[in-house]
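Everything on this sheet refers to the single structure shown next.
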Amino acid sequence: MYKKLLLGITLVASLLIFLSTAHAKRTFVTIGTGGITGVYYPTGGAIAKMVNKKKKEYGIRATVESTGGSVFNVNAVMNGDLEFGVVQSDRQYQAINGLAEWKDKGPQKDLRAVFSIHPESVTLIAAVDSGIKNIQDAKGKKINIGNPGSGQRQNSIDALEAVGINYEKDIKAESIKASEAASLLQDGRIDAFFYTVGHPNGSIKEATSGARKVRIADITGIDSLLAKYPYYAKATIPISNYPGAQNDKDVETFGVKATFVTSAKVPDDIVYAITKEVFDNFEEFKKLHPAYSTLTKENMLQGLSAPIHPGAMKYYKEAGLMK
Ligand code: GLU
């Protein structure tokens with residue numbers, strides 16, 4: 001009887017030890033993304049999927065959070081609420097250098113780059129009945145420039161300014177989340193909305209497939225902007241992505257890149273594991289979203305302005321992608 005009891009206690013104790021060590025080994029990380037009809041949300045999902053496959057090996061469990069976008073993600077990664085975030089390349093540049101939204105707070109010194117992902121273009125989606133064919137026609141119109149915390153907000157302001165339109169005086173600017181903009185456009189409550197996003201995406205598909213006819217306006221005549229900021233470059237949106245759009249040719253605009261960032265405080269082994277799983281299984285990763293069609297391992301190392309996290313750097317050196 002006594003022996004049985006002792007055996008029972010030993011068994012329970014070893015089970016408890018086993019469970020607690022197993023628990024201690026599991027690290028939870030959260031990736032901040034954007035609205036669920038954008039490309040950041042499925043991108044966070046794609047990255048999480050790659051590393052979660054090796055849950056047993058690494059003990060990492062990655063989850064995804066829908067957020068207000070780039071600016072929110074930088075701030076959440078900096079204050080430790082999120083371990084990773086998808087962030088526009090221009091916002092990464094501004095955050096590390098203490099510009100734009102970070103002018104008062106100063107340089108975000110702990111921001112670290114991991115890799116860059118798909119190209120994003122500044123997109124102006126407009127109702128045909130608004131008469132907006134080019135950004136120059138935006139004057140006097142009701143336009144969503146994006147929620148504070150989103151990446152598109154500053155891009156919209158910059159683009160409007162470049163063509164001499166002041167967003168506070170010359171248009172009726174709305175500050176709504178991108179995920180809500182398509183239905184507001186279809187309901188006739190706005191004339192147009194800006195979205196800095198990869199293509200194709202659910203939001204623009206939704207906006208261009210309703211009863212109200214919609215086109216994607218060109219954003220041209222912005223050479224001064226391209227000359228002023230190193231992170232902006234000309235871009236084209238293939239209209240074949242959106243069969244419902246009332247355009248007869250591809251859209252001319254400008255853009256940035258989506259990038260994947262973290263904090264210097266996130267341990268090297270976690271960043272290493274995520275980087276390795278994405279790059280070692282690159283062909284599989286690339287198939288997870290049509291916006292990744294132009295990705296190469298090499299161009300995923302371009303457009304980064306924060307220092308590369310040492311965990312990612314360890315992988316790039318091992319893989320011969322960096323010296
Ligand atoms: N570029 C947008 C932002 O930073 C998000 C785009 C997306 O969710 O795909 O707010």
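Scope of the values below: all heavy atoms of this structure, side chains included, with no hydrogens, waters or symmetry mates. The residues of the chain are indexed from 1 along the displayed sequence.
Considering CZ of F194 and CD1 of I125, their distance stands at 9.0 Å, rounded to 0.5 Å. Atoms CG and CG, from L185 and N144 in turn, are 10.0 Å apart once rounded to the nearest 0.5 Å. Taken from NZ in K141 to OG in S130, the straight-line distance is 6.0 Å, to the nearest 0.5 Å. Interatomic distance, R91 CZ to S305 OG, rounded to the nearest 0.5 Å: 12.0 Å. The line from CG of N241 to NZ of K205 is 7.5 Å long, rounded to the nearest 0.5 Å. Rounding to the nearest 0.5 Å places NZ of K142 at 5.0 Å from CD of E174.
The hydrophobic clustering, which links ILVMFWY residues whose side-chain heavy atoms are closer than 4.5 Å, places F285 and I60 together. Cluster membership for I145 and F254, using ILVMFWY side-chain heavy atoms within less than 4.5 angstrom, is shared. Hydrophobic clustering of Ile, Leu, Val, Met, Phe, Trp and Tyr side chains at less than 4.5 Å, counting indirect connections, keeps L301 apart from V256. A single hydrophobic cluster is not seen to contain both V214 and I135; linkage of ILVMFWY side chains at heavy-atom distances under 4.5 Å, directly or through other members, places them apart. Criterion: ILVMFWY side-chain heavy atoms under 4.5 Å apart, direct or through other members. Under it, I176 and I204 are part of a common hydrophobic cluster.
Closest approach of I190 and A181 over heavy atoms only: CD1-O, 3.7 Å. The two residues A159 and I219 come nearest to each other via the heavy atoms CB-CG2, 4.3 Å. Between I165 and A138, the closest heavy-atom pair is CD1-CB, 4.1 Å. Scanning all heavy atoms of the two residues, the minimum distance from S116 to K257 falls at OG-NZ, 3.1 Å. In this structure, A178 and N147 approach most closely via the heavy-atom pair N-OD1, 4.2 Å. Between S89 and G303, the shortest heavy-atom distance links the atoms CB-O, 3.6 Å.
A donor-acceptor contact shorter than 3.5 Å is absent between the side chain of S179 and the backbone of G35. Remark: side-chain polar atoms of N201 are paired, donor with acceptor, to backbone N or O of S203 under 3.5 angstrom. Without hydrogens or angle criteria, T253 side chain to V122 main chain gives a donor-acceptor distance under 3.5 Å. Without hydrogens or angle criteria, Q108 side chain to G106 main chain gives a donor-acceptor distance under 3.5 Å. A donor-acceptor distance shorter than 3.5 angstrom exists from the side chain of Q186 to the backbone of A211, with no hydrogens or angles considered. In terms of modelled atom types and a separation under 3.5 Å, the side chain of D218 and the main chain of E252 share a donor-acceptor contact. At least one donor-acceptor pair under 3.5 Å links the side chain of T123 to the backbone N or O of Y195. Of the possible polar contacts, one joining the S70 side chain to the Q88 backbone as a donor-acceptor pair under 3.5 Å is found. Between the side chain of N73 and the backbone N or O of V87, no donor-acceptor pair lies under 3.5 Å. The main-chain N or O of E284 is never found under 3.5 Å from a side-chain atom of N281 such that the two would form a donor-acceptor pair.
At least one side-chain heavy atom of I308 sits under 4.5 Å from a side-chain heavy atom of M322. Annotation: side chain of T33 is not in contact with side chain of T43 (no heavy-atom distance under 4.5 Å). With contacts defined as side-chain heavy-atom distances shorter than 4.5 Å, the pair D268/K314 does not qualify. Counting heavy atoms from C-beta on, the side chains of V71 and V74 never come closer than 4.5 Å. Side-chain contact between I274 and M50 is absent, with no heavy atoms from C-beta onward closer than 4.5 Å. Side-chain contact check for M78 versus S263: some heavy-atom pair is nearer than 4.5 Å. Residues D129 and K213 are not in side-chain contact: their nearest non-hydrogen atoms beyond the backbone lie 4.5 Å or more apart. Using a 4.5 Å heavy-atom cutoff, the side chains of V39 and E120 are not in contact.
For R212, the CZ atom sits in a packed shell: over 12 heavy atoms of surrounding residues, nucleotides or ligands are nearer than 6.0 Å. By the neighbour-count criterion of 12 heavy atoms within 6.0 Å, atom NZ of K297 is densely surrounded, having more than that number from other residues, nucleotides or ligands. Atom CD1 of I36 is surrounded by 12 or fewer heavy atoms from other residues, nucleotides or ligands within 6.0 Å. Residue K286 places its NZ atom among more than 12 non-hydrogen atoms of other residues, nucleotides or ligands, all under 6.0 Å distant.
Residues Y316 and F115 place their aromatic rings such that the two centres sit no closer than 6.0 Å.
Using a 3.5 Å distance cut-off with no hydrogens or angles, the side chains of D158 and Y232 do pair a donor with an acceptor. No side-chain donor-acceptor contact under 3.5 Å links T294 and N299. A donor-acceptor contact under 3.5 angstrom links the side chains of N155 and T196, judged on distance only. Looking only at atom types and distance, the side chain of H199 has a donor-acceptor partner in the side chain of S121 under 3.5 Å away. Side-chain atoms of W102 and N75 include a donor-acceptor pair closer than 3.5 Å. There is no side-chain donor-acceptor pair under 3.5 Å between D90 and Q94.
Taking the six-membered ring for Trp and thresholds of 30 and 60 degrees, Y229 and Y231 have nearly parallel ring planes, at less than 30 degrees apart. Ring planes of F260 and F84: parallel class, angle under 30° (limits at 30 and 60°).
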Stepwise side chain to side chain contact (heavy atoms under 4.5 Å, CB included) test for V163 and I222: CA-CA 7 Å; V163 296; I222 48 146; 4.0 Å; yes
Audit row: K49, N52, side chain to side chain contact (heavy atoms under 4.5 Å, CB included) steps and yes/no: CA-CA 5 Å; K49 185 177 174 180; N52 286 343; 6.0 Å; no
CA sep, side-chain torsions, deciding dist, call: K177, S150, side chain to side chain contact (heavy atoms under 4.5 Å, CB included): CA-CA 8 Å; K177 280 186 182 171; S150 73; over 6 Å; no
Verdict with supporting geometry, N247 and Y242, side-chain hydrogen bond (donor to acceptor under 3.5 Å, both in side chains): CA-CA 9 Å; N247 293 65; Y242 306 106; over 6 Å; no
Verdict with supporting geometry, Y58 and K276, side chain to side chain contact (heavy atoms under 4.5 Å, CB included): CA-CA 11 Å; Y58 298 122; K276 182 173 167 59; 3.8 Å; yes
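E277 and K54 are joined by a salt bridge, as a carboxylate oxygen and a charged side-chain nitrogen come within less than 4.0 angstrom of each other.
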